[in-house]
Enquirer: 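I am attaching a structure below and will ask some questions about it afterwards.
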Amino acid sequence: MNSIILPLSTAPRLVKQGVLLAMDFLIFPVLVWLCYAIRLFNLAADVVPNIPFGPLWVTVIATLMLFLCGVYQFIVRTFNEAFITKLAFATTLTVFFLYVLAYLTPAFIPMSIPLMFGFMMFAWVWLSRSIIRFIVRSHFKSDVPRKRIAIYGAGFAGQQIAALLGKSDEHFPLFFIDDNLSLSDQMIGRLKVFNAEQAIKLLKKEMVDEVLIALPSVNRQRKNEIIKFLEPTHLKITELPSLTRLVDGNVQISDIQEVDIIDLLGRDPIPPVPALLAKNIDQKVVMVTGAGGSIGSELCRQIVKNQPKLLILYEVTEFALYQIDKELSQVSTIQIIPILGTVLDQQKLERVIEQYHVQTVYHAAAYKHVPLVECNPIAGLKNNAVGTAFSLNAAVNQGVETFVLISTDKAVRPTNVMGASKRLAELYCQAVAERENHTQISIVRFGNVLGSSGSVVPLFKQQIAKGGPITVTHPDVTRYFMTIPEASQLVIQAGAMGKGGDVFLLDMGQPVRIQDLARQMISLSGLKVKEHANHEGDIEIKYTGLRPGEKLYEELLIDQDNTEDTAHSRILRSYEKHYPLDEILNTIHYINELTALEKDVNWVLDQLEYYVDGYQRSNKIQVN
């Protein structure tokens with residue numbers, strides 16, 4: 001069998017078509033004889049009598065119709081509605097021309113014979129291709145294990161993906177799971193539908209390898225409930241993306257993806273207020289510092305959707321600038337100016353702002369990795385505090401309309417230099433805003449963004465891929481999380497509500513325990529946590545201890561009382577104490593002149609302890 005199947009399956013297309021045509025040419029005379037035998041109840045009946053080579057005439061007509069209708073053009077493994085339609089048309093034409101043959105020649109063709117032959121012809125072509133398809137697929141799949149899949153969701157998307165998986169060489173759909181009780185125990189296509197409780201018992205019995213969630217329109221809360229329900233099965237869970245990402249509504253196998261932990265931790269986004277998104281961007285010249293970073297790049301993506309007149313990307317890292325410039329240029333017709341530069345170069349910043357008449361600045365450039373800044377305090381302070389001061393000075397000097405500082409929850413009662421440096425940057429912005437009338441200065445403070453370069457999510461994914469262990473600093477460490485797109489949209493909207501010196505806080509939802517995040521990511525991968533009490537499981541969670549300057553819990557507010565609601569339900573305005581500009585200005589200038597000598601580090605830490613509420617230096621700070 002192998003000696004026949006393999007050469008034919010790898011033969012040129014014309015050879016395969018020739019084989020199919022030859023098969024039909026040999027079988028059609030037999031079908032014609034069978035029609036006469038059944039019609040006349042005589043196995044020895046004459047076949048198409050009164051005309052020479054009668055069976056050959058019928059065979060030529062049938063094969064010619066199949067050829068002209070394009071039936072031989074179809075690949076055997078492609079068995080769809082188009083094939084059936086063309087085959088039906090070819091059969092109809094064959095029946096018609098057999099009646100013409102009976103009318104124009106003396107051939108004896110009873111009225112029922114063309115219809116009988118048409119039925120048998122259709123059945124033969126359909127059945128023969130099905131058998132060939134089954135034999136070839138079974139041969140090639142015999143040594144390839146197929147992934148056994150249960151599909152959660154028996155709707156249109158689920159049915160589409162089930163049909164595609166059924167034709168796949170790597171997947172084998174077993175059954176549907178659906179919450180609609182009216183569908184329970186029904187058959188959709190070739191698959192049976194079970195409710196969730198029934199399915200849980202079947203998953204192990206049927207040796208399911210993966211559960212595919214085919215509910216592209218379901219909200220995040222419901223998706224989270226489904227995943228938590230499936231977690232005890234320790235099966236890999238995948239999903240189809242949301243309807244907005246399935247642009248044309250057609251589902252493909254390539255659309256199947258791993259469940260994104262970002263979707264589970266993030267909330268269902270509130271639609272943005274168009275007027276707030278457009279206020280500082282629409283038909284304005286906008287500049288983003290740190291444009292190649294996680295927040296900066298997403299800000300740029302959101303900005304180009306709101307039709308700025310011009311977008312300036314200001315970034316110190318060449319490759320990051322190249323990547324975001326290339327990405328935006330491919331998806332937008334907005335003019336984009338990529339500029340390599342550091343925020344510590346105020347003259348260059350002023351020159352760029354003056355040259356392009358910048359109206360709005362989003363200042364996202366910052367060092368944000370807590371342990372690294374703790375080891376390099378002077379560099380961190382210069383980039384985060386002095387860099388913010390120089391960026392703001394340049395904006396004010398050149399008459400920029402709006403300046404928005406992207407800050408962090410780590411600036412609230414910080415235990416590390418990174419957080420303290422961001423709070424010092426906030427204090428400078430507040431002090432300038434008190435004297436400045438033209439430039440509207442705002443500060444937007446929020447927590448961790450999922451998927452950013454500083455997020456634990458990419459790290460955990462790498463560690464799971466390597467077989468563990470996952471490293472968590474402390475069993476009780478918690479963090480606020482928000483998706484990058486949601487954070488960026490809220491930053492733009494918050495900046496549009498500024499009056500001058502405002503500190504805006506983004507509603508980060510409920511804090512998440514990092515240990516729970518790690519466990520859920522392990523579960524979504526179809527693996528088990530290896531607990532200390534036993535040796536069963538796949539991935540161990542290893543606790544490494546809090547890093548220098550790291551807190552167990554983060555806060556968003558310094559003073560809980562001095563806050564008020566805004567026009568947006570997820571944005572709060574806070575009023576916090578600040579210092580005179582002259583006082584802060586002297587500190588900023590002195591930091592800019594510092595070197596990394598031990599006396600300089602001690603002096604700057606004294607300043608942070610004085611100006612930043614709650615900050616106390618760590619004994620693990622290094623002079624680098």
Side-chain angles (χ1 to χ4, degrees), residues 220 224-225 227-237 258-267 368-375 408-419 446-483 508-557 614-621:
R220 284 170 173 163
N224 211 344
E225 290 171 358
I227 287 169
K228 286 182 178 178
F229 176 76
L230 294 171
E231 273 183 4
T233 65
H234 299 292
L235 293 174
K236 184 176 179 64
I237 303 173
E258 292 186 1
V259 174
D260 196 340
I261 193 71
I262 293 173
D263 283 340
L264 299 183
L265 292 179
R267 302 148 303 172
K368 58 188 176 183
H369 292 269
V370 170
L372 290 180
V373 176
E374 204 71 4
C375 293
T408 169
D409 59 354
K410 292 179 175 61
V412 178
R413 281 183 276 274
T415 57
N416 52 72
V417 175
M418 194 285 282
F446 56 94
N448 298 274
V449 285
L450 289 158
S452 71
S453 59
S455 170
V456 295
V457 173
L459 173 62
F460 285 177
K461 284 182 178 179
Q462 293 172 9
Q463 291 174 335
I464 290 172
K466 292 177 181 178
I470 282 184
T471 54
V472 178
T473 57
H474 191 281
D476 296 321
V477 67
T478 64
R479 291 291 181 266
Y480 290 98
F481 285 103
M482 179 179 282
T483 62
M508 302 294 294
Q510 295 300 313
V512 176
R513 197 167 66 148
I514 302 300
Q515 177 192 167
D516 295 337
L517 172 63
R519 289 177 180 274
Q520 193 166 34
M521 290 185 67
I522 292 170
S523 178
L524 288 174
S525 301
L527 304 171
K528 295 181 182 179
V529 178
K530 186 185 291 184
E531 305 287 0
H532 291 297
N534 58 69
H535 295 290
E536 294 183 3
D538 307 292
I539 305 287
E540 179 186 1
I541 297 178
K542 185 177 180 182
Y543 300 104
T544 58
L546 291 174
R547 299 172 297 179
E550 188 173 25
K551 297 167 71 173
L552 270 180
Y553 311 101
E554 297 292 0
E555 304 169 90
L556 287 167
L557 287 167
Y615 175 73
Q616 288 184 337
R617 73 182 72 193
S618 166
N619 57 9
K620 296 183 179 179
I621 291 178

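One-based numbering along the sequence shown. None of the values given here were measured: they were computed from a predicted structure.
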Enquirer: Is the side chain of His474 donor-acceptor paired with the backbone N or O of Asp476 at a distance under 3.5 Å, no angle test?
Expert: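 Yes, because the side chain of His474 sits within donor-acceptor range (under 3.5 Å) of the backbone of Asp476.
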
Enquirer: Only counting residues at least two apart or in another chain, list the ones meeting salt bridge (charged side-chain N to carboxylate O under 4.0 Å, His left out) with Glu231.
Expert: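 Glu231 satisfies salt bridge (charged side-chain N to carboxylate O under 4.0 Å, His left out) with no other residue.
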
Enquirer: State, to 0.1 Å, how close Lys542 and Pro469 come at their nearest heavy-atom pair, and which atoms those are.
Expert: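 Nearest pair, atom of Lys542 first, then Pro469: CB-CB, 4.1 Å.
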
Enquirer: Can you name the side-chain hydrogen bond (donor to acceptor under 3.5 Å, both in side chains) partners of Gln515, sequence neighbours left out?
Expert: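 If we apply the side-chain hydrogen bond (donor to acceptor under 3.5 Å, both in side chains) test to Gln515, skipping adjacent residues, the hits are Arg519, Tyr543.
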
Enquirer: How close do Phe460 and Thr471 get, counting heavy atoms only, and between which atoms?
Expert: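 Where Phe460 meets Thr471 most closely, the heavy atoms are CE2-O, 3.4 Å.
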
Enquirer: On a heavy-atom basis, which atom in Gly419 and which in Pro414 lie closest, and how many Å separate them?
Expert: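 So the two residues come closest at C-CB, 3.7 Å.
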
Enquirer: Got a sec, which residues hit side-chain contact (heavy atoms from CB on, under 4.5 Å) with Ile539, two or more places apart in sequence or on another chain?
Expert: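 side-chain contact (heavy atoms from CB on, under 4.5 Å) list for Ile539, sorted by chain: Ile470, Ile522, Leu527.
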
Enquirer: Before you tell me yes or no, could you show the steps for Asn416 and Tyr615 under side-chain contact (heavy atoms from CB on, under 4.5 Å), namely the whole-Å CA-CA distance, both residues' side-chain angles and the distance that decides it to 0.1 Å?
Expert: CA-CA 7 Å; Asn416 52 72; Tyr615 175 73; 5.7 Å; no

Enquirer: Would you check, one step at a time, whether the test side-chain contact (heavy atoms from CB on, under 4.5 Å) holds for Thr544 with Val472?
Expert: CA-CA 6 Å; Thr544 58; Val472 178; over 6 Å; no

Enquirer: Using the rule given for side-chain contact (heavy atoms from CB on, under 4.5 Å), can you reason through Asn224 versus Phe229, listing the C-alpha separation, both sets of side-chain angles and the distance that settles it, and then say yes or no?
Expert: CA-CA 9 Å; Asn224 211 344; Phe229 176 76; over 6 Å; no

Enquirer: Look up atom CG in Leu459 and atom CE in Met521, then write down how far apart they are to the nearest 0.5 Å.
Expert: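 One finds 9.0 Å between CG of Leu459 and CE of Met521.
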
Enquirer: Measure across Lys368 and Met418 and return the closest heavy-atom pair with its distance rounded to 0.1 Å.
Expert: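 Scanning both residues completely, I find the closest heavy atoms to be O-CE, 3.5 Å.
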
Enquirer: Can you measure from CG (Asp516) to CZ (Arg513) and round to the nearest 0.5 angstrom?
Expert: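 Separation between the atoms: 4.0 Å.
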
